[in-house]
Participant: 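Structure below; questions to follow.
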Amino acid sequence: MNIDNNHIWHPYNSLPSKTPILNVASTNKCTITLKDGRELVDGMSSWWSAIHGYNNQYLDDALKKQIDEMPHIMFGGLTHDPSIKLTKKLLKILPKGLEKVFYADSGSVSIEVALKTALLYQKARNKPNKKRFLSVFGGYHGDTLGAMSICDPINSMHSLYREYLPQNIFAKMPSINNDSDDIEDLEEKFQNYHEEIAGFIIEPIVQGAGGMRIYRPQYLKRARELCDKYDVLFIVDEIATGFGHTGKMFAVEHASVIPDIMTIGKALSGGYMSFGAMVCTGKISDTISSNPPYALMHGPTFMGNALACAVSLASIELLLNSDWQAKVKNIEAHLSNELGELKSLNIVKDVRVIGCIGVVELTTSEFANTLQSEVVKQGVWLRPFGKLLYTIPAYIISQEELYSITNTMKSVIKKVDSERN
Ligand SMILES: *Cc1c(COP(=O)(O)O)cnc(C)c1O
C-alpha cells in the first residue's frame with residue numbers, strides 16, 4: 001500500500017494528491033536525490049530557507065554538539081546559552097533599535113506573536129480602539145488564522161474562511177511599475193482608519209507567496225512616515241526576505257527605515273528546522289511590561305528550542321563569515337542576464353529579479369502542472385505556482401548549477417509558448 005498517497009497530507013493538497021509527489025532519499029549542497037535514483041538541481045532552497053545548501057558540515061556539527069548537551073528544555077522559568085548566544089548575534093545584524101526577541105516555532109507563529117504584541121501595546125497605552133490591522137493587497141504572512149487575516153483577501157484563502165477571520169483593512173498593492181497611486185491609497189487608508197489601526201504590516205521590497213512582486217523602497221519610506229504621523233506601529237515581515245535574499249541582510253535596509261516590529265523565520269535556521277522570531281523595540285516591550293497584564297501573553301511548548309537556536313547561530317556565523325553579498329550579486333546578475341530574454345515571448349507577462357530571487361510571470365496559470373513535470377524531467381527542482389515560475393537558489397550554488405536552472409526555465413517556458421502559438 002502507498003502510505004504517502006493514502007495517509008499523508010501535503011501542503012495545499014487533496015488526499016490522495018492529484019499530482020505526483022516525489023520521494024526524496026537524500027540531499028547534499030544543491031542536489032536532491034530521489035529514492036528512484038534521479039538527481040535534481042535544487043532551485044527552491046526549500047521555500048527560501050536552505051541558504052547554505054543542504055547538509056552543511058558546520059551546521060551539522062553545531063546540531064550534533066547541541067544534541068549531546070541538551071536537545072530541548074522548556075523556556076518557562078529557564079534559559080540556556082544557545083538562546084543567549086543567538087540573541088547576541090541577532091542584535092549585531094538586526095536594524096538598530098530592534099532589540100527584544102521572542103522565539104517562536106515557525107514563521108506563522110511569529111506573525112501571530114507580532115499581531116498580539118501590537119494589540120497589547122495599544123491596550124497598554126490605553127488605545128483599546130486600535131484593534132485592527134492595515135495591510136496591503138498581494139501580501140502573504142502565513143497560514144494560521146491571524147496571519148491569514150492579513151494575507152491578500154482575494155487571491156488567498158479568505159474566501160474559504162472569511163466568516164471566521166478578523167476583518168482587517170487593505171491598501172492597494174505596492175506598485176511594481178513605480179505608479180504613485182499606491183502611496184495615495186495608503187495615505188487615504190491611514191487617514192480614514194488610523195483610530196482603529198494597531199499596526200501596518202507588510203513584506204518589505206518583495207511580496208513573496210502573494211505574487212513575487214518587487215516594489216520600490218520609496219513606498220516603505222512613506223509607510224514609515226505615515227505610521228509615525230498616525231500613531232500606528234510599523235510591522236515588517238522579513239520571514240522570506242531576511243538573511244540576504246534581496247542583496248541586503250534585511251530588505252528594510254534598501255529603504256533605510258527601521259520598523260517597530262519585525263518577524264523572521266525561514267532562513268533563520270539555515271533551513272534545518274522550523275523556527276521563527278518576533279523582534280521589537282524596547283519602547284514596545286517596556287510599555288507592555290509596565291502596564292496590565294504586565295506580560296506578553298504567548299508561550300509555545302517548544303519556545304526557544306535549543307537545537308533550533310544552536311543551528312540558527314551557526315547559520316548566521318556561516319553567513320557572516322562568507323562572501324554572501326558577492327554571491328547574491330553574482331546570482332542576481334546571472335538571473336537578470338539569462339531570464340531577461342523571456343520577456344519577448346507572448347506567454348510571458350513579466351520577468352523580475354532582485355538578489356537571488358528570479359521570477360517569470362506568465363500570462364496564464366494553465367501550464368503550472370505541465371511546467372512542474374517538465375522541469376523535473378530536465379533534472380531541476382522548481383515549484384511553479386499559478387502564473388509564476390521562479391527560483392530562489394542557495395547562495396552556495398555553482399555557476400554550472402545556476403545554468404541548469406535558468407536553461408531549464410527558458411526551455412520549458414519556450415516549449416509551452418511555442419505549443420500555444
Ligand atoms: C513563509 C512565510 C510565512 C510563514 O512562515 P511559516 O514558517 O511557513 O509558518 C510568513 N510570512 C512570509 C513573508 C513568508 O514567506
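One-based numbering, in listed order, for ligands and for the atoms of each. Note that the structure is predicted; figures quoted are calculated from it, not measured.
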Participant: Walk me through whether Ser149 and Asn168 qualify under side chain to side chain donor-acceptor pair (under 3.5 Å).
Facilitator: CA-CA 7 Å; Ser149 77; Asn168 291 310; 2.9 Å; yes

Participant: Distance under 4.0 Å to a non-hydrogen atom of Asp237: what atoms of ligand 1 satisfy this?
Facilitator: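 Ligand 1 atoms under the 4.0 Å threshold to Asp237: 10 (C), 11 (N), 12 (C), 13 (C).
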
Participant: Does any part of the side chain of Leu90, heavy atoms only, come nearer than 4.5 Å to the side chain of Ile93, both counted from C-beta?
Facilitator: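 Ile93 reaches Leu90 side chain to side chain.
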
Participant: Name the closest protein heavy atom to atom 8 (O) of ligand 1, giving the residue it belongs to and the distance to 0.1 Å.
Facilitator: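 Of the protein heavy atoms, Ser108 OG, 4.3 Å lies nearest.
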
Participant: Using a 4.0 Å cut-off to any heavy atom of Gly142, which atoms of ligand 1 qualify?
Facilitator: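 Within the 4.0 Å cut-off of Gly142, ligand 1 contributes 4 (C), 10 (C).
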
Participant: Just distance, no hydrogens or angles: give the donor-acceptor pairs under 3.5 Å from side chains in residues 380-391, sequence neighbours left out.
Facilitator:
unit_1	atom_1	unit_2	atom_2	d
Arg383	NH1	Gln372	OE1	2.8
Thr391	OG1	Gly43	O	2.7

Participant: Taking only heavy atoms of Ala240 into account, list the atoms of ligand 1 that are under 4.0 Å away from them.
Facilitator: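 Counting atoms of ligand 1 from 1, those under 4.0 Å from Ala240 are 15 (O).
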
Participant: Less than 4.5 Å apart, side chain to side chain, heavy atoms only: is that true for Gln207 and Met212?
Facilitator: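 Contact flag for Gln207/Met212 side chains = no.
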
Participant: Note the single closest protein heavy atom to atom 7 (O) of ligand 1, along with its residue, its atom name and the distance in Å.
Facilitator: Gly107 N, 2.9 Å

Participant: Between His52 and Tyr395, is the ring centroid distance below 6.0 Å?
Facilitator: no

Participant: Using a strict 4.0 Å cut-off to heavy atoms of His141, name the atoms of ligand 1 that fall inside it.
Facilitator: 10 (C), 11 (N)

Participant: Give me the residue, atom name and distance of the protein heavy atom closest to atom 15 (O) of ligand 1.
Facilitator: Lys266 NZ, 2.5 Å

Participant: Less than 3.5 Å apart, which donor and acceptor atoms pair up between the side chains of residues 247-258 and the rest of the protein, not counting sequence neighbours?
Facilitator:
unit_1	atom_1	unit_2	atom_2	d
Glu253	OE2	Phe250	N	3.2
His254	NE2	Thr246	O	3.3
His254	NE2	Thr246	OG1	2.9

